[in-house]
Amino acid sequence: MARINDHYLKLGAGYLFPEISQRVRLFEEQHSDAKIIRMGIGDVVLPLGQSVRDAMHRAVDELGTAEGFRGYGPEQGYAFLREAIAEHEFRACGVEISPDEIFVSDGSKCDSANIQEIFAVQARVAVPDPVYPVYVDSNVMAGRSGPRDDDGRYQGILYLPCTEANGFLPQPPGEAVDLVYLCSPNNPTGSVATHDMLAAWVAYARNCGAIILFDAAYEAYITQEDLPHSIFEIPGAREVAIEFRSFSKKAGFTGLRCAYLVVPKELEGIDAQGNAVSIHSLWSRRHSTKFNGASYPVQAGAASIYSEQGRAEVQASIDYYLANAKIIREGLSSLGLRVFGGVNAPYVWATTPDGVGSWDFFDRLLEQAHVVGTPGAGFGAQGEGYLRLSAFAQRDQVEEAIVRMRERMRL
Ligand code: MLT
């Protein structure tokens, strides 16, 4: 029989969100009349904007003509989209990113899981705790960890505790690592790193030769003017960082799938002989070998969000979700829970009542209020005692969720 990759056997239970869906499915089977409100996985609910739909219709019609037909596109993405991203996402904020440093993909989940492939299996990895589980699981699958302990931590991975005391923002550790994942605005806690914090991380990475894998999938939700949207706003970051961006949460593309990775040309790693190697070239090699590009209509839809109408539509949906987040924050807070996030992020992170375990509170919320959240412990040991509620829901559902929690649960 074929020998499997044993590292997969180190993984804990199933991936967090399918695990939650499974529990919810079971509950639904037993309570067929329950009207469940889903605020677990961060999946958008608002319909696509008119500009995206129009651009996609036009692209599909074009593909239906002899002159407009296109087969395989460039693996790294069409120039029209890469140029639009460089202009509107970066140059408009004073950051110079060249279009050929942008690699368009079909999602940040894949990008953040795949990036580790171009680094040595011996690379030492640091992650915040709690953390988006993909960063950890993909490194475990690749063999960069030892076994998992009872708290769900894997030996060999350096966990950076994110607690109320440090505002859920990880500090650079006192030891060197090769790769460090940062996510700001943060999933799951909703915290956002300041310029000074990111500058400390860039200084750390430059000092010890680490590469920062910066997940900015939620940057569009930043409302405070003085907060950085990109790690490349920090001087010196081009030599030490890669950035993940996505159209999913910004423009409702969770079903359409479109994201991108920014890999500056200055960024280097070293080979076994100690020679410097361009990370941009390695990623380009990997990307063009394993990926054939996001579809043309999807890229056309993505580019349309930079039109005047597209920008207004995107902003309207972000405002809607942030207004939901405010309702969640205020609602949970009025129920006596301590709440975090939800101001510059679509996630609200709240303490569970009376020190109840995260999964127990998840169950109580489901059973008593028929509301689905995400247990903090699912994001790591430091998430124990917290619950995440996603603001990606219809307004009436958000309001109803708070009413049900107030009326049906004794918090
Ligand atoms: C989440 O709920 O954490 C996100 O939806 C996960 C993802 O974007 O893959």
Side-chain angles (χ1 to χ4, degrees), residues 11 13-24 36-46 105-116 127-139 141 152 162 168 181-192 213-221 243-261 294 302 317-318 321-322 324-325 328 340-342 344-350 358-359 362 365-366 371-380 382-383 386-393 397-398 401:
L11 294 166
Y15 183 62
L16 178 61
F17 294 106
E19 181 85 17
I20 289 173
S21 305
Q22 170 68 7
R23 288 187 183 219
V24 175
I36 296 190
I37 298 178
R38 292 167 203 277
M39 296 164 72
I41 189 163
D43 194 3
V44 292
V45 296
L46 295 178
S105 74
D106 60 357
S108 277
K109 183 178 186 177
C110 326
D111 285 343
S112 60
N114 291 335
I115 192 69
Q116 49 75 29
V127 292
D129 177 8
V131 70
Y132 179 45
V134 172
Y135 314 152
V136 175
D137 288 5
S138 57
N139 278 287
M141 289 168 173
C162 298
F168 302 102
Y181 291 81
L182 297 178
C183 177
S184 177
N186 188 261
N187 178 13
T189 65
S191 56
V192 191
L213 303 169
F214 188 73
D215 187 345
Y218 298 94
E219 63 74 33
Y221 288 83
E243 183 162 303
F244 306 95
R245 292 276 190 111
S246 173
F247 291 91
S248 283
K249 315 296 162 88
K250 176 170 183 142
F253 274 52
T254 53
L256 287 178
R257 313 304 304 147
C258 197
Y260 53 97
L261 200 58
S317 75
I318 290 171
Y321 292 130
L322 283 173
N324 282 351
I328 300 169
F340 309 91
N344 297 293
Y347 297 124
V348 176
W349 186 244
S358 292
W359 279 103
F362 166 88
L365 192 61
L366 182 59
V371 171
V372 182
T374 306
F379 297 100
Q382 294 287 348
Y386 294 89
L387 183 96
R388 189 193 78 174
L389 284 184
S390 159
F392 293 117
Q397 298 270 288
V398 170

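Atoms within each ligand, like the ligands themselves, are counted from 1 in listed order. Side chains included, hydrogens not; waters and symmetry mates left out as well; all remaining heavy atoms used.
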Asker: If you measure every N/O of Gly42 against every N/O of ligand 1, is any gap under 3.5 Å?
Answerer: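 The answer is yes, given that Gly42 and ligand 1 share an N or O pair closer than 3.5 Å.
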Asker: Is a side-chain donor or acceptor of Tyr321 paired with a backbone partner of Val45 at a separation under 3.5 angstrom?
Answerer: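 Yes; at least one donor-acceptor contact below 3.5 Å.
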Asker: Counting heavy atoms only, which part of Tyr15 comes closer than 4.0 Å to ligand 1: side chain, backbone, both or neither?
Answerer: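 Tyr15 to ligand 1: no contact under 4.0 Å from either part.
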Asker: Of all the atoms in ligand 1, which lie at a distance below 4.0 Å from a heavy atom belonging to Ile41?
Answerer: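 Result: 2 (O), 5 (O).
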Asker: For atom 6 (C) of ligand 1, which of the options Tyr132, Phe379, Phe392 provides the nearest non-hydrogen atom?
Answerer: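 Result: the heavy atom closest to atom 6 (C) of ligand 1 is in Tyr132.
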Asker: Does Asp129 reach the main-chain N or O of Gln382 with its side chain, forming a donor-acceptor pair under 3.5 Å?
Answerer: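 Checked: pair present.
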Asker: Would you say the rings of Tyr386 and Phe379 are close, in the sense that their centroids are separated by under 6.0 Å?
Answerer: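 Not under 6.0 Å, so no.
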Asker: I need the contact type for Met39 against ligand 1. Using non-hydrogen atoms and a strict under-4.0 Å cut-off, is it side chain, backbone, both or neither?
Answerer: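 For Met39, no heavy atom sits under 4.0 Å from ligand 1.
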Asker: With a 4.0 Å heavy-atom cut-off (strictly under), which part of Asn187 contacts ligand 1: side chain, backbone, both or neither?
Answerer: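 Near ligand 1, Asn187 shows its side chain, while the N, CA, C and O stay back.
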Asker: Does some side-chain heavy atom of Phe362 sit less than 4.5 Å from a side-chain heavy atom of Val372?
Answerer: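 Side chain of Val372 against side chain of Phe362, heavy atoms only: contact under 4.5 Å found.
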Asker: Can a donor-acceptor pair be found, under 3.5 Å and without considering hydrogens, that links the side chain of Ser358 to the backbone of Gly383?
Answerer: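 Judged by distance alone, yes, a pair lies under 3.5 Å.
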Asker: Among all protein heavy atoms, pick the one closest to atom 4 (C) of ligand 1 and tell me residue, atom and distance.
Answerer: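 Looking at atom 4 (C) of ligand 1, the protein heavy atom closest to it is Lys249 NZ, 3.4 Å.
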Asker: Closer than 4.0 Å to some heavy atom of Tyr347 - which atoms of ligand 1 meet that?
Answerer: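 Going through ligand 1 atom by atom, the ones under 4.0 Å from Tyr347 are 1 (C), 2 (O), 3 (O), 4 (C), 5 (O).
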Asker: Are the side chain of Ser191 and the backbone N or O of Phe168 linked by a donor-acceptor pair below 3.5 Å?
Answerer: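 Confirmed, Ser191 side chain pairs with Phe168 backbone.
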Asker: Ignoring hydrogens, what is the shortest heavy-atom contact between Ser105 and Tyr260? Give both atom names and the distance.
Answerer: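 Heavy-atom minimum between the residues: OG-N, 4.1 Å.
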Asker: Under 4.0 Å from any heavy atom of Arg388, which atoms of ligand 1 are there?
Answerer: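 In order of number, 1 (C), 2 (O), 3 (O).
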